[in-house]
Amino acid sequence: MQLYPAVDPIPLPAPIWLFKLLHIVTLSLHFVAVEMLLGGLLIAVLLSLLRGSQLSIVTARALARRLTVVMTYVINLAVPPLLFAQVLYGRALYTSSVLIGLYWISIIGLLMLTYWLLYRFTARLEAGKSAWWVGLSAWILAGFIARLLSTNMTLMLRPEVWRQMYSGSAMGAYLPPYDQTLTPRWLLMMAGGLFIGGLWMVYLAGRSTFTAEEKRFVAGLGGKVAAVFGIVYLAAGLWAASVQPEAVKAGFAGQSAHPLLYKYFGLAGYGWLALVAVAVLVGAYAGFGKVAASWLGWIAVPVAVLTEIMFTVYRDGVRDLTLFSKGYDVWDRVVVTNWSVVGLFLVLFVAGLGVIGWLVSVVARARKVMEGAA
Ligand code: HEM
């Protein structure tokens, strides 16, 4: 029996490999921003709750000031992968989105509330008021949004439960039945938050807007968080991989009937492991040695981005192999490339990157205000 809706007769306007490439690149960047938000926010909340010293307050404020900007990247870098995912996996993703429709649509409201709370958190910190409970509320909401996204991204891989869910309610008001991959997958993203958040602090410690004492504090704390949660992240990754269906494990072992060599997607998993291990060492060096140096940032940032790229490639393999085992081959589509549109898209894409580069350079040239200044 065909488990998925029939394919749209309109052909794809660009090669599948191009959609996939753009999807993986933009989704990796979404994940970097999401992890900075989830991790940076929790660290800022804990620092503002404990208020151990003036250094904790300065660090919490420095993180919070940047989080509202990070949120813009979370959202803007989420739209492209959403569009590419709908093109490539629409038959699966639209169905699962409709089945949990009320939760799915609620993300918009939850997101606006989270954003507002982030601004309130920063404003209260700047004013020297108690702020941790506002930040914690934002973090809980962001974690819930992450849970809903994981729920949908796993439900799209389970056509066998769709009929039962739809019969239960066509309102989109019920969540899917138990799935052993969901919680490990979500916890992997949550653990990644503190890992990437720690690396972000190692990078921040090299900024000239901190005093020497603040730099040592930021590097020491961030490095330790990255080292400890790097190990938690590794453990969560191994857990999430171990609960995947047999078809996925066989595919990564090179035993899938799919003509594409998905074992290379599986190799990205080893790349991820190696990069997290390197990051743990970088974190331990910065954290236990309290070393704040801009060259450490130059290692921490590419390692963090590459880690998320490897993760995204592996995750993409998990999805394609799971879908393939249920009769959905993402590569099996009619393509009639519209090169003029593809060309225009690529020109605008590069121009957009140029504008972002210019914006970053304006920020870099702006007058520096010390983080500790009131
Ligand atoms: C606080 C805000 C957000 C958080 C914490 C967040 C978190 C996440 C997480 C954890 C995942 C991975 C889910 C999984 O596979 O298990 C994810 C994937 C995704 N997110 Fe976000 N997200 C946020 C905002 C958004 C927004 C606003 C959009 C859409 C405009 C979006 C679009 C997506 C898409 C499309 C994917 C999956 C793409 C794919 O698998 O192809 N996210 N997000």
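Quick note: residue numbers are just sequence positions, from 1. Quick caveat: nothing in here was measured; it's all calculated off a predicted structure. Order of appearance sets the numbers: ligands from 1, and atoms from 1 within every ligand.
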Exercise. Using a strict 4.0 Å cut-off to heavy atoms of Arg319, name the atoms of ligand 1 that fall inside it.
Key: 39 (C), 40 (O), 41 (O)

Exercise. Give the ring-plane orientation class for Trp272 versus Tyr233, where under 30° counts as parallel, over 60° as perpendicular and anything between as tilted.
Key: perpendicular

Practice problem: State if Arg147 counts as touching ligand 1 under the rule of any non-hydrogen atom under 4.0 Å. | Solution: no

Quiz prompt | Salt-bridge criterion met for Asp179 and Arg185 (N-O under 4.0 Å) | solution = no

Quiz item: What about Phe217 and Phe210, are their ring centers closer than 6.0 Å?
Solution: no

Self-check item: Distance filter under 2.8 Å, centred on atom 21 (Fe) of ligand 1 - protein N, O or S atoms that pass it
Solution: His30 NE2

Quiz item: With the 4.5 Å side-chain cut-off for hydrophobic clustering, are Leu82 and Leu149 part of the same group?
Solution: no

Quiz item: Going by the order shown, which atoms of ligand 1 are within less than 4.0 Å of some heavy atom of Phe31?
Solution: 11 (C), 12 (C), 17 (C), 18 (C)

Quiz item: Taking the minimum heavy-atom distance to atom 5 (C) of ligand 1, which of Ala142, Ala240, Gly143 ranks first?
Solution: Ala142

Quiz item: Who pairs with Ala286 by side-chain contact (heavy atoms from CB on, under 4.5 Å), at least two apart in sequence or on another chain?
Solution: Val202, Leu296

Quiz item: Counting heavy atoms only, which part of Leu111 comes closer than 4.0 Å to ligand 1: side chain, backbone, both or neither?
Solution: side chain

Exercise. Specify the protein heavy atom at minimum distance from atom 41 (O) of ligand 1: its residue, its atom name, and the distance to 0.1 Å.
Key: His23 NE2, 2.7 Å

Exercise. Please identify which atoms of ligand 1 are closer than 4.0 Å to at least one heavy atom of Ala85.
Key: 41 (O)

Exercise. Give a yes or no on whether the backbone of Pro5 and the side-chain of Arg91 come within a donor-acceptor separation of less than 3.5 Å.
Key: yes

Practice problem: Just grab all the ring-ring contact (aromatic ring centres under 6.0 Å, His included) pairs involving residues 115-153, residues at least two apart or on different chains. | Solution: Tyr115-Tyr119

Practice problem: Please could you name the atoms of ligand 1 that Leu27 approaches to less than 4.0 Å, counting only its heavy atoms? | Solution: 38 (C), 39 (C), 40 (O), 41 (O)

Quiz prompt | SB check Glu371 Arg66 (cutoff 4.0 Å) | solution = yes

Quiz item: Heavy atom of Thr114 under 4.0 Å from ligand 1?
Solution: no

Quiz item: Quick check, are the ring centers of Tyr94 and Trp104 under 6.0 angstrom apart?
Solution: no

Quiz prompt | Where at least one partner belongs to residues 41-54, residue pairs that pass side-chain hydrogen bond (donor to acceptor under 3.5 Å, both in side chains), sequence neighbours excluded | solution = Ser53-Ser56

Exercise. Can you pull out the closest protein heavy atom to atom 9 (C) of ligand 1? Residue, atom name and distance to 0.1 Å, please.
Key: Met189 CE, 4.0 Å

Quiz item: Which of the atoms of ligand 1 are close to Arg315, meaning less than 4.0 Å from one of its heavy atoms?
Solution: 14 (C), 15 (O), 37 (C), 39 (C), 40 (O)

Quiz prompt | Distance (rounded to the nearest 0.5 Å) between Leu88 CG and Lys20 NZ | solution = 6.0 Å

Quiz prompt | Per-atom contacts, ligand 1 versus Ser150 - under 4.0 Å to a heavy atom | solution = 13 (C), 14 (C), 16 (O)

Quiz item: So, does Thr72 use its side chain to make a donor-acceptor pair with the main chain of Val69 at under 3.5 Å?
Solution: yes

